[in-house]
Amino acid sequence: MSQQVRVRFAPSPTGPLHIGGVRTALFNYLFARKHNGTFVLRIEDTDQNRYVPGAEDYIKESLDWCGIPYDEGPGREGDFGPYRQSERKETYSAFAKALLDSENAYYAFDTAEALDAHRKDHEAKGKTFIYNWHNRLKLDNSLVLSEEEVQQRIDAGAEYVIRFKAPQDEILELQDEIRGDIQIDTNVLDDKVLFKSDGMPTYHLANIVDDHLMEITHVIRGEEWLPSLALHVLLYRAFGWDAPKFAHLPLILKPVGKGKLSKRDGDKLGFPVFPLQWEDPKNKDISSGYREDGYFPEAVVNMLAFLGWNPGTEQEIFSLEELVHAFDLTRVNKAGAKFDPEKTKWFQQHYLQQTAIPVIANKFMELLTEKGVDTSLEYVTTVTALIKERAVFVSDLWNLGSYFFEAPTSYDEKAAKKGWKEDTASIMEKVVTVMEGVNTFDTPTLQDAVKGWITSNELGFGKVMQPLRLSLVGAMQGPDVFAIATTIGKEETIARIKKAIETL
């Protein structure tokens with residue numbers, strides 16, 4: 001590409017960032033990195049009524065946690081700032097005026113009540129009210145009023161909006177990098193509001209002006225903006241500007257049923273839909289996040305990359321660098337991508353297993369400290385190495401190996417019924433005697449001693465090994481039983497066997 005690639009992620013600070021938004025940011029980031037371009041964050045806060053305190057910081061923290069930081073934006077100033085639309089509002093009025101001067105826009109004074117009456121009248125006749133070419137000359141706007149009347153109303157403080165004058169009887173030929181050629185009949189377009197009398201632009205005007213002034217070359221955004229494509233291309237034409245290339249990403253769909261993935265789906269099926277935990281500043285409701293639920297950012301990014309994109313190969317595990325290399329907009333699907341919470345866990349388990357044991361042990365140590373368990377990092381590292389294979393999250397390590405830190409206080413009823421027979425107590429007493437005679441209490445030595453004793457006494461291995469595991473763990477789970485015994489130590493092992501003999 002001859003032109004320097006510049007893409008932008010432009011969320012509104014109206015609440016927490018949905019993972020659909022994170023995926024949009026990710027695809028923009030990957031495209032920018034692939035083409036040695038710039039990834040811009042722009043905060044689209046023109047709708048001050050919906051602004052939520054803390055939402056902007058949440059967005060920035062989310063991108064950083066995912067490992068997809070922006071190059072330019074609030075706090076990382078470049079040559080195209082400011083990067084909050086609320087700080088750019090002086091800019092937009094001049095462009096709205098330019099559209100009025102070129103007769104591509106007009107003042108409209110229709111009240112909300114009048115428009116509502118028109119809508120109801122149309123509904124009663126089985127029609128849909130659209131403010132456009134077929135009725136704009138019958139409504140209250142500067143197309144039917146004289147310049148003097150318009151100016152008098154504005155001077156008198158009358159409320160108005162500036163509407164775009166959509167063309168009539170034209171077939172627009174549009175191009176989307178993912179969806180190909182699109183044709184739109186301009187007769188079905190409404191005359192969208194571009195500017196309000198409170199001095200704030202609507203999304204459509206601010207978006208186009210900012211993309212132009214920030215020299216955005218590719219607009220990669222969600223499918224929900226596809227209906228706005230015609231208006232945006234027409235606005236570029238009205239200003240006499242070259243439009244960027246557009247790519248509309250497919251929706252992320254519910255795991256079950258139809259429609260777009262929502263927070264309600266996550267609440268119902270028990271998975272997060274936000275990257276980080278979010279506390280609603282109004283009602284103090286807390287929504288879970290991938291970070292707080294113990295997911296690794298690499299797993300979340302890998303999962304999101306496959307929602308609507310595929311590399312064309314069998315490879316599923318990608319580092320961020322590999323994603324940058326492989327990413328191509330032509331391999332993004334048009335059809336919606338069904339979200340699969342289990343696949344996300346699959347990615348998470350992979351990344352956990354690939355993480356170095358000392359790193360996991362440090363995270364496990366933090367968890368144990370929270371639980372008030374007093375132990376050493378060296379011991380935790382040994383335990384982690386034994387049990388991490390079955391873990392999906394670091395938090396699973398406690399469920400998988402709590403018996404390494406505290407003796408069982410109860411025994412699995414089913415396992416006890418099956419494995420603890422009338423003669424088990426006397427057998428286990430003899431096992432204690434064998435263990436007491438083992439001077440070097442390491443796994444190979446202990447295993448040789450106990451297994452040798454079992455063989456020489458012609459006992460079945462299950463007759464000894466099952467009750468031994470039950471004594472040490474409290475259930476039929478865990479890694480090699482001799483590894484458990486040598487990890488908790490000789491004294492503790494014998495004490496647990498004796499306790500089981502007394503209890504069972």
Side-chain angles (χ1 to χ4, degrees), residues 1-11 17 19-44 59-60 62-81 83 174-182 207-223 225-226 229 232-233 236 241-250 297-298 300-313 315-334 337:
M1 296 185 186
S2 54
Q3 195 180 2
Q4 171 70 31
V5 165
R6 286 177 61 80
V7 297
R8 50 60 164 186
F9 176 51
L17 185 61
I19 56 165
V22 181
R23 191 215 31 194
T24 300
L26 172 65
F27 283 17
N28 274 280
Y29 174 90
L30 295 175
F31 188 81
R33 288 291 171 272
K34 171 111 183 198
H35 299 288
N36 299 313
T38 304
F39 174 43
V40 179
L41 174 68
R42 185 172 72 228
I43 301 297
E44 303 210 329
I59 291 163
K60 293 191 280 192
S62 296
L63 297 181
D64 285 343
W65 178 73
C66 289
I68 52 172
Y70 57 94
D71 303 308
E72 280 177 32
R76 293 173 200 166
E77 303 304 317
D79 298 331
F80 298 88
Y83 296 92
L174 308 174
Q175 177 69 29
D176 185 275
E177 297 296 294
I178 295 165
R179 288 147 207 284
D181 296 326
I182 300 169
N207 180 281
I208 295 307
V209 168
D210 287 344
D211 282 347
H212 174 71
L213 295 180
M214 292 182 178
E215 297 181 11
I216 300 303
T217 59
H218 296 75
V219 172
I220 303 167
R221 60 189 180 185
E223 184 183 313
W225 294 111
L226 201 51
L229 179 60
H232 293 176
V233 169
Y236 275 101
W241 300 335
D242 289 334
K245 289 184 174 173
F246 290 92
H248 290 85
L249 307 175
E298 298 87 349
V300 174
V301 164
N302 205 151
M303 170 271 290
L304 287 174
F306 275 82
L307 287 177
W309 171 84
N310 75 77
T313 65
Q315 185 179 346
E316 288 191 280
I317 301 297
F318 283 81
S319 67
L320 198 54
E321 293 71 28
E322 288 172 322
L323 282 173
V324 168
H325 181 73
F327 186 74
D328 192 326
L329 279 175
T330 61
R331 298 213 64 88
V332 176
N333 306 323
K334 296 177 195 146

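Looking at I182 and L226, their side chains come closer than 4.5 Å, going by heavy atoms from C-beta outward. With contacts defined as side-chain heavy-atom distances shorter than 4.5 Å, the pair L26/I19 does not qualify. With a 4.5 Å cut-off on side-chain heavy atoms, V7 and V5 count as touching.
Across every non-hydrogen atom of P11 and L41, the tightest pair is CD-CD1, 3.7 Å. Closest non-hydrogen pair, F80 versus Y83, comes out as N-OH, 3.2 Å. For I43 against P74, the heavy-atom pair with the smallest separation is CG1-CG, 3.8 Å.
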Inset, instruction - Could you give me the CA-CA distance, side-chain angles and deciding distance for R8 and N28, then say whether side chain to side chain donor-acceptor pair (under 3.5 Å) is met? - result: CA-CA 7 Å; R8 50 60 164 186; N28 274 280; over 6 Å; no
Legend entry - side chain to side chain contact (heavy atoms under 4.5 Å, CB included) assessment of W309 paired with F327: CA-CA 8 Å; W309 171 84; F327 186 74; 3.8 Å; yes
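In this structure, the separation between NE2 on H248 and CZ on R221 is 3.5 Å, given to the nearest 0.5 Å. Taking CD of E215 as the reference point, atom CG of D210 lies at 13.0 Å (rounded to 0.5 Å). To the nearest 0.5 Å, atoms CG (L249) and CD1 (I178) are separated by 5.0 Å. In this structure, the separation between CZ on F9 and CZ on R23 is 11.0 Å, given to the nearest 0.5 Å. Taken from CG in D71 to CZ in R76, the straight-line distance is 8.5 Å, to the nearest 0.5 Å.
Between E223 and R179 there is a salt bridge, with a side-chain nitrogen of the basic residue lying less than 4.0 Å from a carboxylate oxygen of the acidic one. Comment: R6 does not engage D211 in a salt bridge, judged by the lack of any side-chain N to carboxylate O separation of less than 4.0 angstrom.
For the pair E322 (side chain) and L320 (backbone), a donor-acceptor distance under 3.5 Å is absent. In this structure, the side chain of Q175 does not engage the main chain of E177 through any donor-acceptor pair within 3.5 Å. Between the side chain of D64 and the backbone N or O of P69, no donor-acceptor pair lies under 3.5 Å.
Taking the six-membered ring where tryptophan is involved, the planes of F246 and Y236 are perpendicular, since the angle between them exceeds 60° and thus also 30°.
Two rings, from H35 and F31, have their centers less than 6.0 Å apart.
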